[in-house]
Peer 1: 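After the structure tokens below, expect a handful of questions from me.
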Protein chains: 2
Amino acid sequence: MLRLSKLTDYAVVVMVRLAEVSPGSNPDVQTSPGIAAATGVPEPTVAKVLKTLAATGLVTSQRGARGGYRLARPLHAISVSEVIAAVDGPIALVACVDGSLNECESQGLCPVRGRWDPVNDAIERALSGITLADMREAAVPPLFRVPALMPAAE
Amino acid sequence: MLRLSKLTDYAVVVMVRLAEVSPGSNPDVQTSPGIAAATGVPEPTVAKVLKTLAATGLVTSQRGARGGYRLARPLHAISVSEVIAAVDGPIALVACVDGSLNECESQGLCPVRGRWDPVNDAIERALSGITLADMREAAVPPLFRVPALMPAAE
DNA sequence: TGTAACAGGACTGCTTCGGTCCTGATTGCT
DNA sequence: AGCAATCAGGACCGAAGCAGTCCTGTTACA
């Protein structure tokens, strides 16, 4: 699997949406309900994701009436690894890496203690090279979205 | 997190162990209990991992008495991505990638449909470049493996 | 002063994983 | 030929983490 959480996926969706400033309606911030309506993600979940992202500094928040959220940086300056780290916590494949070295039950026997570090680094490096702008533009070209492949959607 | 399962970690441990043919005792195969004793991983778990690996072809099995397991290829010819794919299933970060395209509830709205593919590919590429031999050699220097830490094993 | 929106929790149902066990099929040895 | 050792392939259960919701403040604008 090597699956990342759904929240991370939502975070990307939300941030990409956040980059598309709705023309005219709001000055520069967007509210949770608005993003929820635009993306199809449930409102409470959007709010949760945004709060997490705000706590990490990837988005900035404006409190009070007429408040909302805004990207702290443009899409091309935010790497995927940052988003993952913000939502899912630091990238750590196994318990051995990171700091918790004294948990492994088979201490002296385990012949791969710490060996996941290079793997972690490789993934970290690969993810740092991809920005949200890449994810927004790179994939599915508009031509690909033929109506036949999108049954009754959009 | 981006955490992979413990089973994958065990798989690496077991396969590295499998590469170290116990001198003299067995001709070329090793049994589940033997590997369990050598690695400290519980026997049923070792058996489960080995069965999974055998089903994928990463190790070959010899049934019957005096049977056991053996690496299908040398360590340096087995990439980490193969092991992960064998144990945890295909590398797919989110449900959107791979084949299941019709599950996403917010079909037409989701602005990053398929966008995870490049991320997946990047990770796949990073992981393909690392072999089990790398994981075995890179980290913890041999000096660390003092005999005192290998109690009554083999 | 009232309202709209974020902040930051706690809480619960659920999925998935980790781990164990059981019953067969196969092969080597006696 | 019979027995024992070993793999094969499930089913099964408990635990842990996640997804999602909700509630109570706090802030800022009209």
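So you know, we letter chains A, B, ... as the sequences are listed, proteins then strands, and number each from 1. Just so it is clear, the values below take in all heavy atoms, side chains as well, and ignore hydrogens, waters and symmetry mates.
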Peer 1: Relative to the 5' end of DNA chain D, which residue comes earlier, Gly64(A) or Glu43(A), by the nucleotide with the nearest heavy atom?
Peer 2: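 Per heavy-atom nearest nucleotide, the more 5' residue is Glu43(A).
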Peer 1: Starting at CZ of Arg66(A) and ending at P of dA5(C), how long is that distance when rounded to a whole Å?
Peer 2: 8 Å
Peer 1: Let me know the distance between CG of Leu7(A) and C1' of dT15(C), rounded to the nearest Å.
Peer 2: 14 Å
Peer 1: With rounding to the nearest 0.5 angstrom, report the CG to CD distance, Leu71(A) to Glu20(A).
Peer 2: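 Answer for the CG-CD pair, Leu71(A) versus Glu20(A), is 10.5 Å.
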Peer 1: List the steps, then state whether side chain to side chain contact (heavy atoms under 4.5 Å, CB included) holds for Leu4(B) with Trp116(A).
Peer 2: CA-CA 11 Å; Leu4(B) 48 80; Trp116(A) 287 101; 3.9 Å; yes
Peer 1: Once you round it to whole Å, what is the distance between P of dC7(D) and CG of Leu18(B)?
Peer 2: 11 Å
Peer 1: Take atom NZ of Lys6(A) and atom P of dT21(D), then tell me their distance rounded to the nearest Å.
Peer 2: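 The answer, rounded to whole Å, is 11 Å.
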Peer 1: Treat primed atoms plus P, OP1 and OP2 as sugar-phosphate and everything else as base, then score nucleotides 8-16 of chain D 5' to 3': B for base contact with protein heavy atoms under 4.0 Å, S for sugar-phosphate contact only, - for none.
Peer 2: BB-------
Peer 1: With a 4.5 Å limit on heavy-atom distance, are the side chains of Met135(B) and Val16(B) in contact?
Peer 2: no
Peer 1: Please report the C-alpha distance between Asp121(B) and Arg125(B) in whole Å, then the side-chain angles of each, then the deciding distance to 0.1 Å, and finally whether the side chain to side chain contact (heavy atoms under 4.5 Å, CB included) criterion is met.
Peer 2: CA-CA 6 Å; Asp121(B) 293 343; Arg125(B) 229 175 299 119; 3.7 Å; yes
Peer 1: I want to check one thing: is the phosphate of dC6(C), taken as OP1 and OP2, less than 4.0 Å away from some side-chain N or O of Ser32(A)?
Peer 2: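 Yes, Ser32(A) has a side-chain N/O under 4.0 Å of OP1/OP2 on dC6(C).
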Peer 1: Taking OP1 and OP2 of dG17(D), is either one under 4.0 Å from a side-chain nitrogen or oxygen of Ser5(A)?
Peer 2: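 Negative; the distance criterion is not met.
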Peer 1: Would a 4.5 Å heavy-atom cut-off, applied to side chains only, mark Thr131(B) and Leu75(B) as touching?
Peer 2: no
Peer 1: Check the phosphate of dG20(D) against Tyr10(A), side-chain N and O only, distance under 4.0 Å to OP1 or OP2. Yes or no?
Peer 2: yes
Peer 1: Sequence neighbours left out, cut at 3.5 Å: what donor-acceptor pairs do the side chains of residues 48-61 of chain B make with other protein atoms?
Peer 2:
unit_1: Thr52(B); atom_1: OG1; unit_2: Lys48(B); atom_2: O; d: 2.9
unit_1: Thr56(B); atom_1: OG1; unit_2: Thr52(B); atom_2: O; d: 2.7
unit_1: Thr60(B); atom_1: OG1; unit_2: Arg70(B); atom_2: O; d: 3.4

